[in-house]
Visitor: 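Please see the structure below; I have some questions.
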Amino acid sequence: ETANPAEVRVELAYALHAHRYPPRIDRGDGVWELLPAESVSVEPEGRTATLDVTIAPGTSRIAAQEVFGLRQRAQWRAGFAASAGLDRRTIGHSVDGQPIEALSRRASDPSAPLIVILGGQHPPEVTGVLALRAFLQALFDPSSPDAILDRFDWLIVPDLNPDGIERGHWRHNLNQTDLNRDWGPFNQPETAAVRAEVEARISQGQTAFLLLDFHSTYRDVLYTPPDDFGLSPQNFARHWIAGIDAIWPGPGPAFERGPNHNPGLPTAKTWFAETYSAPGLTVEFGDQTGRGRIAALAQSAATALRTYLESQTAHQQADAP
């Protein structure tokens with residue numbers, strides 16, 4: 001914070017890892033912009049970086065990615081739930097007692113297929129946050145018909161690791177546990193809360209249909225089960241990706257596909273597939289994917305999912321006696 005314009009030099013030293021993210025700045029208006037390339041110099045091995053920044057009067061923030069704190073996330077969930085007609089409910093609490101909030105839309109049919117959407121397991125994976133928001137907003141667009149969505153039961157947990165978000169943890173919760181390696185032990189209250197909610201719905205007669213878990217990595221990629229994994233619905237990943245590719249305008253391909261990724265680890269997608277014989281996918285967006293591309297990719301994925309659900313409903317109605 002400064003009362004007058006100032007030239008500021010920030011030197012970053014990394015003990016174990018290399019410089020990864022192009023820095024961004026919020027000049028006090030809540031809008032995050034990339035620092036100009038000429039303002040950033042990185043040593044060849046990436047262990048040190050220097051930022052030369054012109055700071056305007058007032059408060060400025062510099063960060064590796066956009067910063068979305070707990071208050072901002074809660075505000076987004078509340079606004080989105082109101083616009084999409086979703087219920088909000090606390091399904092558990094974190095290690096530090098922070099509420100874990102789920103957004104849901106219950107189907108009138110007690111045996112409706114259940115779709116689970118997760119986000120926020122790894123706090124700094126901001127492109128996954130941006131993608132999840134754009135995906136949900138497109139999927140639950142108030143101007144689109146609800147008839148298809150109403151045939152499914154929805155459980156959405158956008159911010160599963162509130163303690164890690166609050167403290168800036170890289171991947172862990174307050175117990176120093178990677179939540180996306182706890183879907184099997186279920187030693188952590190955050191993952192246990194989701195499991196309990198899913199199991200409660202299954203015990204009421206619903207059928208597990210799909211789990212999508214949003215993250216960030218080095219590129220835009222879908223980590224999927226193999227097509228011959230014996231899940232129901234069959235070959236979901238192949239059909240969904242084909243639907244995305246059919247409407248994706250580019251540039252370049254939409255997502256890469258990584259089938260059978262980390263099959264031996266207790267991730268959310270593996271737990272869902274092995275427990276309920278239903279497809280679980282990790283939806284990854286690149287750390288440096290442009291924000292416009294993120295929005296376009298997420299919207300295409302949502303449109304393709306809606307189209308897929310429509311086709312599934314049509315097939316079920318045609319097969320009904």
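Computed from a predicted structure; not experimentally measured.
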Visitor: State whether the side chain of E284 and the backbone N or O of S216 hold a donor-acceptor pair below 3.5 Å, judged by distance alone.
Guide: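 Side chain of E284 to backbone of S216, a donor-acceptor pair under 3.5 Å: yes, one is there.
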Visitor: Is the distance from the ring center of F186 to that of W271 below 6.0 Å?
Guide: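 Yes, the ring centres sit under 6.0 Å apart.
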Visitor: Is there a donor-acceptor pair under 3.5 Å between the side chain of D26 and the backbone N or O of S60?
Guide: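 Not at all, since once roles are kept as given, no pair shorter than 3.5 Å links the two residues.
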Visitor: Step through the shown structure and confirm whether more than 12 heavy atoms of other residues, nucleotides or ligands are within 6.0 Å of CD on E199.
Guide: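 Correct, the count exceeds 12.
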Visitor: How about Y14: does its OH atom have over 12 heavy atoms from other parts shown lying under 6.0 Å from it?
Guide: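 Yes, the 6.0 Å shell around OH holds more than 12 heavy atoms from other groups.
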Visitor: Over all heavy atoms of both residues, which pair between V31 and D29 is shortest? Give the atoms and the distance, please.
Guide: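 Smallest heavy-atom distance, with atoms named: N-OD1, 3.0 Å.
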Visitor: Among I294, L212, L297, L130, whose side-chain contact (heavy atoms from CB on, under 4.5 Å) with F135 holds?
Guide: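 That would be L212.
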Visitor: What do you reckon, is CD of E38 surrounded by more than 12 foreign heavy atoms closer than 6.0 Å?
Guide: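 Enclosed.
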Visitor: In residues 298-307, what donor-acceptor pairs under 3.5 Å come from side-chain atoms, sequence neighbours left out?
Guide:
| residue | atom | partner | partner atom | Å |
| --- | --- | --- | --- | --- |
| S300 | OG | A296 | O | 3.0 |
| T303 | OG1 | Q299 | O | 3.0 |
| R306 | NH1 | P145 | O | 2.7 |
| R306 | NH2 | L139 | O | 2.5 |
| T307 | OG1 | T303 | O | 3.0 |

Visitor: Strictly distance-based, threshold 3.5 Å: is any side-chain N or O of T270 a donor or acceptor partner for the main-chain N or O of T267?
Guide: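 Between the backbone of T267 and the side chain of T270 there is no qualifying donor-acceptor contact (under 3.5 Å).
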Visitor: What pair of heavy atoms forms the shortest contact from V53 to I62, and how long is it?
Guide: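 Where V53 meets I62 most closely, the heavy atoms are CG2-CD1, 3.8 Å.
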Visitor: Got a salt bridge between R257 and D227, using NZ or NE/NH1/NH2 to carboxylate O under 4.0 Å?
Guide: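 Salt bridge: yes.
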Visitor: Name all residues meeting the ring-ring contact (aromatic ring centres under 6.0 Å, His included) criterion together with F68; count only those two or more places apart in sequence or in a different chain, and write none if there are none.
Guide: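 Partners of F68 under the ring-ring contact (aromatic ring centres under 6.0 Å, His included) test: none.
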Visitor: Treating W154 as the side-chain partner and D150 as the backbone partner, does any N or O pair qualify as donor plus acceptor under 3.5 Å?
Guide: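 Side chain of W154 to backbone of D150, a donor-acceptor pair under 3.5 Å: no, none is there.
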Visitor: Can you check whether V95's main-chain N or O pairs, donor with acceptor, with D163's side chain at less than 3.5 Å?
Guide: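 Flag set: sc D163 to bb V95 pair under 3.5 Å.
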